[in-house]
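First comes the structure, then the notes that go with it.
Position 1 is the first residue of the sequence; numbering continues from there. These values consider heavy atoms only, across backbone and side chains, with no hydrogens, waters or symmetry-generated copies.
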Amino acid sequence: MRSLACARAASLALALGTILGACAGTSAGRREVVRLAGSDTMLLLVRRWAEEFMRGDPALVTVEGGGTAAGIEALIAGSIDVCAASRPLAPEEVERLFKRTGSLGVRFLVARDALSVYVNPANPVRNLTLLQLKGVFTGRVGSWHKLGGVEAPIHVLLQPPNSGSARFFQNVALDGEPFAPRGATLPTTQAIVAAVEADPLAIGFGGLAYGASVTLLDLEGTGPGQIRSAAYPLSRYLYLYTVREPAGATRRLIDSVLTPAGQSIVEQVGFVPLWDSQRERHPAEPQL
């Protein structure tokens, strides 16, 4: 009778993938867990990847946002296995990672994005030069009239400081200058999009995948849809980072992201796959 109960318990543990002790005092194997956190821009994408991966793999993938900077800190601290990042690691982050782990880290290019500038569809402005864009987000240009719009103040909306999008935008679009002191910081890209939808005088920025309900401005006459031509000035890669070459479930997860199915999810969510044909592959890169 006891043998039958043990067999049933072992069968149930295998079927459910749970962590159970076997009946005769022996231990069952543990389910692999991959802990992933980081970029809020990538959150929808990473969740979709994790869901699809777990359909065919017994491992459990936990996903959290919090921003690129928070994800990098968690990776350095060893509290996660994979960091999702919308920008490369900064030199000081790489240095701290090396001091703690002895590794420079490994990065995987997993998608492309055009960091987009959002305005309300009722706003007549459709194009900005990079100089105008810099003027708006540093606060030197404060009226839509100076940009070809109405005589009204510009309501600048900003990503939180721990956002990889904020750091990328500041470095590339503002040449490292500080953001406008009167800009309103909102917690997520979704919140920025909702605010732009509600306010014809608002302007904000965020990932390409979030802009379906607002107008995406052209920059220097080039729209974010032209990301593949490399002409759009705010195009960027999206990354997954690990401390070392991944193994086990972490390796399988990242490999799945780079398959045709994984790159199809990139397109479904609204970002840009790494390649047109599914033949080219982007291997892991040591973080330099």
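- Side-chain contact between V272 and E267 is absent, with no heavy-atom pair separated by less than 4.5 Å.
- The shortest side-chain heavy-atom distance between Y239 and V110 does not fall under the 4.5 Å cut-off.
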Applying side-chain contact (heavy atoms from CB on, under 4.5 Å), run through Q159 and F169 and close with a yes or a no.
CA-CA 10 Å; Q159 298 270 353; F169 191 90; over 6 Å; no
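- At a threshold of 4.5 Å between non-hydrogen side-chain atoms, the residues W144 and I203 count as touching.
- The distance between the ring centers of Y210 and Y118 does not fall below 6.0 angstrom.
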side-chain contact (heavy atoms from CB on, under 4.5 Å) between V172 and L234, intermediate numbers included
CA-CA 7 Å; V172 176; L234 297 183; 3.7 Å; yes
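- A pairwise comparison of heavy atoms in V34 and A249 identifies CG2-CB, 3.7 Å as the closest pair.
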With salt bridge (charged side-chain N to carboxylate O under 4.0 Å, His left out) as the criterion, how do R96 and E92 come out once you've worked through the C-alpha distance, each side chain's angles and the decisive distance to 0.1 Å?
CA-CA 6 Å; R96 288 193 293 112; E92 64 272 15; over 6 Å; no
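- With salt bridges taken as basic N to acidic carboxylate O contacts below 4.0 Å, none links R126 and D218.
- The shortest side-chain heavy-atom distance between E64 and L36 does not fall under the 4.5 Å cut-off.
- Remark: R87 fails to qualify as a cation-pi partner of F168 under the 6.0 Å distance and 45° angle criteria applied to the six-membered ring.
- Transitive grouping of hydrophobic side chains (ILVMFWY, heavy atoms separated by less than 4.5 Å) keeps F179 and L131 in distinct clusters.
- For R48 and E52, the salt-bridge test fails: no basic side-chain N is under 4.0 Å from an acidic carboxylate O.
- In this structure, the side chains of R35 and V82 stay at 4.5 Å or more apart for every pair of heavy atoms.
- The only option from D113, L240, V269 that meets the side-chain contact (heavy atoms from CB on, under 4.5 Å) definition with M42 turns out to be L240.
- Counting heavy atoms from C-beta outward, L216 and V117 have side chains that stay 4.5 Å or more apart.
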Assess whether side-chain contact (heavy atoms from CB on, under 4.5 Å) is satisfied between L201 and I154, documenting all intermediate values.
CA-CA 6 Å; L201 303 180; I154 300 172; over 6 Å; no
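- Residues L274 and L109 are in side-chain contact: their nearest non-hydrogen atoms beyond the backbone lie under 4.5 Å apart.
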